[in-house]
Protein chains: 2
Amino acid sequence: MYTESAVSYQREFATQARGKAPKCVHIKTPCATCLARELCLPAGLTESQLERLKELFHVRQRIHAGQSLYRAGEGFAAIYAIRSGFFKTHMISEDGRDQTVGFHMAGEIMGMDGIGSQRYTCDAVALEDSEVCIVPFALLEEMSVEVPQIQNRFHKLMSRELVRDFGMLLLLGSMRAEERLAAFLLNLSQRFAARGYSASEFNLRMTREEIGSYLGLKLETVSRTLSRFQKEGLIQIWQKQVKLLDHAALKGLVKA
Amino acid sequence: MYTESAVSYQREFATQARGKAPKCVHIKTPCATCLARELCLPAGLTESQLERLKELFHVRQRIHAGQSLYRAGEGFAAIYAIRSGFFKTHMISEDGRDQTVGFHMAGEIMGMDGIGSQRYTCDAVALEDSEVCIVPFALLEEMSVEVPQIQNRFHKLMSRELVRDFGMLLLLGSMRAEERLAAFLLNLSQRFAARGYSASEFNLRMTREEIGSYLGLKLETVSRTLSRFQKEGLIQIWQKQVKLLDHAALKGLVKA
DNA sequence: CGCCAACTTGATGGCTGTCAAGTCAGGTGG
DNA sequence: CCACCTGACTTGACAGCCATCAAGTTGGCG
């Protein structure tokens with residue numbers, strides 16, 4: 001049961017949060033920004049090369065919240081650049097375990113896991129209404145030959161995905177629940193900040209269960225740990241609205 | 001303390017194992033096989049293309065057991081194809097956590113994590129005397145432009161690395177100790193088999209601690225679980241010599 | 001208004017980490 | 001050749017973190 005003070009406090013925060021940001025924020029990103037973020041185009045490309053690159057990204061697709069962009073086992077043909085919205089990628093193992101392998105926001109690329117086997121190995125699900133650019137992979141490879149800079153950018157992109165996964169291996173392999181959650185919140189914060197949004201206040205697009213699936217924890221542990229962070233004054237949290245109050249302390253938790 | 005019967009049994013197994021395979025097996029792989037495994041060359045390449053590709057792989061380097069091939073933070077210039085031997089890659093976090101992110105054997109490629117930042121993000125350490133082909137990355141990208149098949153093979157290679165990491169996320173995020181170890185043994189078995197070695201009998205090149213670091217477990221848990229597998233008749237294990245006795249039961253553990 | 005999914009919180013148990021002691025194998029030096 | 005030493009490993013006892021089970025709350029939606 002909630003304590004009296006907790007309830008009133010939480011309601012107050014909820015009202016604040018809603019006042020500032022509508023419940024379902026729709027992140028809009030201009031194409032140039034989107035491209036720039038992951039393929040780093042502006043730097044080092046000539047006008048004509050830029051034109052070629054834009055061809056790659058000109059087909060778009062809208063995905064409603066809850067819908068899948070692609071599913072594990074489907075034939076691979078394209079990778080996807082997120083223009084707006086929020087996705088999770090998850091895989092379901094032979095025996096039914098559901099593991100979230102990533103959360104993805106505007107400017108990030110999904111689907112590269114499908115290149116190796118020519119089939120996607122996980123499902124990509126929109127957690128809010130979203131829009132993606134469809135990048136036919138064969139076309140990307142063709143252009144990579146014509147414009148070596150595109151090739152190089154793509155290699156760096158995939159490599160960074162590998163490094164990101166190494167980070168997750170470290171998290172899952174050696175961190176305790178509170179460290180995982182602190183790292184998770186800081187990571188989201190940093191990524192929102194990089195897109196021009198508040199680093200200290202944002203809303204989670206995913207459920208506690210999805211957070212748990214990503215971090216190797218049960219939803220109750222996620223809930224409990226977030227509640228404890230709030231009790232200790234590290235964050236404010238009400239439903240999916242989060243406010244980071246003590247960035248330094250959270251960092252301390254991860255490094256401790 | 002070991003029981004009488006366990007001791008005699010283990011000694012017997014150790015003797016058997018030693019009789020069949022010298023303590024430090026040196027895996028030798030002809031260059032063609034090595035290339036074939038990960039870059040899948042024979043298929044679809046013309047004679048001249050094959051020649052170009054061989055240029056990529058002609059510089060070799062020997063690494064003694066215990067030595068590093070590269071270290072986190074070092075400038076990235078090349079990726080490495082393992083010709084023979086056995087490696088682990090591991091990263092040490094800011095706060096000193098040591099996470100093993102992979103074990104690598106003949107025919108596999110290491111170092112792709114360095115492309116994104118132009119610095120390696122982990123250390124690669126030889127667990128036995130090994131030999132690698134040095135593949136200058138700039139050269140690989142140049143050849144990718146000339147020979148699109150090389151480009152495509154490389155993309156598939158990186159993609160498979162991503163998928164492999166997804167598998168590790170699933171393992172670390174949702175499996176219990178015995179499931180992790182069963183999966184680990186089966187994975188090694190399958191990879192040895194793919195190289196023409198016994199699928200049921202091999203020796204571990206890594207310590208219990210390194211296994212633990214890879215699987216997100218403490219060395220005591222690794223040791224205990226392996227001992228239990230032996231007690232239950234799933235495996236025989238004596239030091240680093242392993243023999244899988246009940247492949248099906250191990251598979252059952254992973255899927256259960 | 002009622003229902004349901006998402007969430008919070010409590011109680012309890014089990015898996016795995018921690019600490020500790022001891023064994024074993026290999027290498028070194030006398 | 002043997003004693004010793006060290007790193008790797010095994011095993012036991014215990015504790016703690018997190019999963020599990022369960023009950024109740026909240027907000028959204030029909």
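Letters A, B, ... mirror the listed sequences (proteins, then strands); counts begin at 1. Only heavy atoms go into these numbers, but all of them, side chains included; no hydrogens, no water, no symmetry mates.
In this structure, the side-chain contact (heavy atoms from CB on, under 4.5 Å) partners of Thr121(A), at least two apart in sequence or on a different chain, are Asp113(A), Ser117(A), Val163(B), Phe166(B). For Arg71(B), there are no salt bridge (Lys or Arg N to Asp or Glu O under 4.0 Å) partners two or more places apart in sequence or in a different chain. Contacts of Glu178(A) classified as salt bridge (Lys or Arg N to Asp or Glu O under 4.0 Å), with partners at least two apart in sequence or in another chain: Arg176(A), Arg228(A). Annotation: side-chain contact (heavy atoms from CB on, under 4.5 Å) contacts of Ala199(B) (sequence neighbours excluded): Ser189(B), Ala193(B). Remark: Glu74(A) pairs with no residue by the salt bridge (Lys or Arg N to Asp or Glu O under 4.0 Å) rule, at least two apart or across chains. Residues satisfying the side-chain contact (heavy atoms from CB on, under 4.5 Å) criterion with Ser93(B), sequence neighbours excluded, are Leu170(A), Asp95(B), Arg97(B). Every residue two or more places apart in sequence or in another chain that forms a ring pair (Phe, Tyr, Trp, His ring centres under 6.0 Å) with Tyr80(B) is listed here: Tyr70(B).
Here salt bridge (charged side-chain N to carboxylate O under 4.0 Å, His left out) pairs that include residues 184-194 of chain A, with residues two or more places apart or in two chains, are Glu108(A)-Arg191(A).
Along DNA chain D, the nucleotide nearest to Glu209(B) and the one nearest to Lys231(B) differ in position, and the one closer to the 5' end is contacted by Glu209(B).
Aromatic ring orientation, Phe192(B) versus Phe86(B): parallel (interplanar angle below 30°, classes split at 30° and 60°).
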Any protein N or O atoms within reach of nucleotides 18-22 of chain C? Criterion: under 3.5 Å, listing atom names and distances.
| from | atom 1 | to | atom 2 | distance (Å) |
| --- | --- | --- | --- | --- |
| dT18(C) | O4 | Arg224(B) | NH2 | 2.8 |
| dC19(C) | N4 | Glu220(B) | OE2 | 3.2 |

For nucleotides 2-4 of chain C, list the nitrogen or oxygen atoms of the protein found under 3.5 Å from its nitrogen or oxygen atoms, one pair per line.
none

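Proximity of Arg208(B) to the phosphate of dA8(D): no side-chain N or O atom is located under 4.0 Å from OP1 or OP2.
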Using residues 213-225 of chain A as the side-chain source, report each donor-acceptor pair under 3.5 Å to any protein atom, sequence neighbours left out, with the distance given to one decimal.
| from | atom 1 | to | atom 2 | distance (Å) |
| --- | --- | --- | --- | --- |
| Ser213(A) | OG | Asp98(A) | O | 3.1 |
| Ser213(A) | OG | Thr100(A) | N | 2.8 |
| Ser213(A) | OG | Thr100(A) | OG1 | 3.0 |
| Thr225(A) | OG1 | Thr221(A) | O | 2.7 |

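Taking five base pairs at each end of the helix from dC1(C)-dG30(D) to dG30(C)-dC1(D), the local helix axes there meet at an angle of 30°, rounded to 10°.
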